[in-house]
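Note sheet for the following structure.
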Amino acid sequence: MTSTIKETQSIKEAVNFINTIDVNKFSRLLTRIIQKLHVKGERTFSEDEEQKLQAALSLDKHALNLVLETAAFILEQAAYHSIKPASLQQQLEGIHLHSDKAEAFSQSWASAGPELVEKLKRNTFAPKKLDFVSWQLNLQMAQSSQARLKSPSAVLQLGVRKEDSEARENVFVEFNHQQLLEFYDKLEIVQGQLDSLT
């Protein structure tokens, strides 16, 4: 099985810090990260809480941020790739995380992972959603340099809005025949991939 979690330089550095943390404290830290992971635009810990964590875990600000970001990244990867708890533990041990910390990840993932995946499914990753589509066909018959010209184009109007707002924004996109064909082919690929997931 291919490892989803690669041992990059920042992950190596984070693993060294994580390995120094008491396993009970680390388990509580993971629980909090999992609880907040699906919430967009909100920090897992407040500034005050981070300062207390620095003291409790004997880490400086950079080290704590690296630990928090790496733990969140690992859990996101587990969610997006539907990694089983045992496989997660094995992969984490493969990047030199001590077995007790890898087991803490695995146990946290086993207990809270399914609920996190459901919450993440409801989130949208794009800041705007498509609300409606309209189109029109344009045909240019001449221009100053050419008397006879036949240049068709399609203009798509995409009505988009932010998830938390009723205000709609219109995006206009103009395609010539070839561009529209390429766009359609890409949409077919996307549709095929969506179909394969459901």
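Treat the numbers as computed from the prediction; the structure is a model and nothing was measured.
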Going through the distances and angles, do Leu29 and Phe45 end up as a side chain to side chain contact (heavy atoms under 4.5 Å, CB included)? CA-CA 10 Å; Leu29 188 75; Phe45 295 96; 3.6 Å; yes
Check whether any side-chain N or O of Gln89 sits under 3.5 Å from a backbone N or O of Ala86 as a donor-acceptor pair, and report yes or no. no
Determine whether Lys186 and Glu182 satisfy the following criterion, salt bridge (Lys or Arg N to Asp or Glu O under 4.0 Å), listing intermediate values before the conclusion. CA-CA 6 Å; Lys186 284 191 171 67; Glu182 289 171 7; 5.4 Å; no
Give the cluster check for Leu57 versus Val23: same hydrophobic cluster or not, with ILVMFWY residues linked at side-chain heavy-atom distances below 4.5 Å. no
Determine, for Glu50 against Arg43, whether the closest basic-nitrogen to carboxylate-oxygen distance falls under 4.0 angstrom. yes
Single-linkage hydrophobic cluster, 4.5 Å side-chain cutoff, Leu130 and Leu180 together: yes
Step through the shown structure and confirm whether more than 12 heavy atoms of other residues, nucleotides or ligands are within 6.0 Å of NE2 on His177. no
Measuring from Leu59:CG to Thr20:OG1, what's the distance to the nearest 0.5 Å? 5.5 Å
Establish whether Phe183 and Val173 are linked, either directly or via other cluster members, by ILVMFWY side-chain heavy-atom contacts under 4.5 Å. yes
Nearest 0.5 angstrom please: Ile83 CD1 to Ile5 CD1, how far? 4.5 Å
Which is it for Leu66 and Ser10 under the side chain to side chain contact (heavy atoms under 4.5 Å, CB included) test, yes or no, and what are the steps along the way? CA-CA 8 Å; Leu66 191 59; Ser10 64; 4.1 Å; yes
Is the closest basic N to carboxylate O distance between Glu169 and Lys162 below 4.0 Å? no
Between atom CD of Gln136 and atom OG of Ser153, what is the distance when rounded to the nearest 0.5 Å? 8.5 Å
Stepwise side chain to side chain contact (heavy atoms under 4.5 Å, CB included) check, Ile74 with Trp109: CA-CA 10 Å; Ile74 289 169; Trp109 181 242; over 6 Å; no
Is the number of heavy atoms from other residues, nucleotides or ligands within 6.0 Å of CZ (Phe73) greater than 12? no
Evaluate the side chain to side chain contact (heavy atoms under 4.5 Å, CB included) criterion for residues Asn19 and Lys101: first the C-alpha distance (whole Å), next the side-chain angles of each, then the deciding distance (0.1 Å), finally the verdict. CA-CA 7 Å; Asn19 284 337; Lys101 307 304 186 309; 4.0 Å; yes
